[in-house]
Amino acid sequence: AIYNGVGSCHNIVINESDDCAAVDWNVSSLLNKVLNKPLIKTLLQPMVEATTSVFENAEQESCVEQIIKVSTGHRNRPLVISADRGRGKSSALGLAAGMLLQQSLNHIIVTAPKSSSLDSLFKHAQQLLAECEMQSNTLHWQGKKIEFVAPDELVSNLPICDLLLVDEAAAIPTPML
């Protein structure tokens with residue numbers, strides 16, 4: 001879910017487990033609705049064209065587009081991503097994070113029950129960010145970063161960020177979310 005006003009983060013994306021209600025997006029209708037708006041078209045079209053080959057499937061591409069749309073939009077509404085295992089949810093979070101660093105964001109925090117859960121997220125972000133560097137669970141690129149923060153540390157410290165991505169949310173105790 002992308003939330004506004006949680007701690008000092010502008011937005012949050014939560015990737016829930018496969019047993020939660022699914023959100024289904026239609027790629028062609030999304031592109032027609034979203035990319036035909038002048039500002040969104042200007043921001044998203046180059047990213048969609050440049051990264052089409054990195055997507056595992058149409059659903060993942062649509063998911064990345066939704067993450068970008070919600071995280072750059074003005075309404076700051078939550079976005080919950082839910083799909084069966086192996087559908088590319090964590091990869092989509094990484095691709096979206098990489099694209100958002102390329103475009104405008106400076107600091108993205110990712111959280112999950114354990115840092116090793118984010119291997120796929122970081123791998124896919126690295127695909128898009130030439131000459132990035134990983135240092136102790138933080139990906140650095142051109143003065144910007146994608147940083148892992150454990151859920152308990154996130155709740156107790158409320159760090160400042162542009163976007164908070166929550167992966168494997170079903171394994172995080174509900175009060176922490």
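Note that SG of C63 and CZ of R87 are 11.0 Å apart. Values are rounded to the nearest 0.5 Å. Atom NZ of K145 and atom CG of L129 lie 15.0 Å apart (nearest 0.5 Å). A distance of 11.5 Å separates CD1 in I146 from CG in D162, rounded to the nearest 0.5 Å. Residue I160 holds its CD1 atom at 13.0 Å from CG of N106, rounded to the nearest 0.5 Å. Atom SG of C161 and atom NE2 of H107 lie 6.5 Å apart (nearest 0.5 Å). E168 CD to T111 OG1: the interatomic distance, rounded to the nearest 0.5 Å, is 11.5 Å.
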D119/L121 under side-chain contact (heavy atoms from CB on, under 4.5 Å): CA gap, chis, key distance, verdict: CA-CA 6 Å; D119 291 346; L121 184 151; over 6 Å; no
L93 vs L118, side-chain contact (heavy atoms from CB on, under 4.5 Å): CA-CA, chis, key distance, verdict: CA-CA 10 Å; L93 292 177; L118 299 172; over 6 Å; no
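Side-chain contact check for I109 versus F148: every heavy-atom pair is 4.5 Å or farther apart. Looking only at side-chain heavy atoms (C-beta outward), M176 and P173 come within less than 4.5 Å of each other. Within the 4.5 Å cutoff, the side chain of N137 has no heavy atoms near those of the E147 side chain. Looking at I68 and M99, their side chains come closer than 4.5 Å, going by heavy atoms from C-beta outward. When side chains are defined from C-beta on, Q126 counts as touching L139, because their heavy atoms get closer than 4.5 Å. When side chains are defined from C-beta on, Q102 counts as touching W141, because their heavy atoms get closer than 4.5 Å.
When the side-chain contact (heavy atoms from CB on, under 4.5 Å) test is applied to S136, no partner is found at least two apart in sequence or on another chain.
Q60 contributes a side-chain N or O that, together with a main-chain N or O of E56, makes up a donor-acceptor pair within less than 3.5 Å. At least one donor-acceptor pair closer than 3.5 Å links the side chain of N57 to the backbone N or O of E59. The closest donor-acceptor contact from the side chain of S117 to the backbone of P113 lies at 3.5 Å or more, if one exists at all. When atom types are taken as modelled, the side chain of K69 and the backbone of V64 share no donor-acceptor pair closer than 3.5 angstrom.
By the neighbour-count criterion of 12 heavy atoms within 6.0 Å, atom CD of Q135 is densely surrounded, having more than that number from other residues, nucleotides or ligands.
Looking at every heavy atom in both residues, H124 comes nearest to S91 through CE1-OG, 3.1 Å. Closest heavy-atom contact between I108 and A97: CD1-O, 3.6 Å.
For the side-chain contact (heavy atoms from CB on, under 4.5 Å) criterion with L100, the lone passing option out of L95, L165, L128, L163 is L163.
Of the N and O atoms on the side chains of S90 and D167, at least one donor lies less than 3.5 Å from an acceptor on the other residue.
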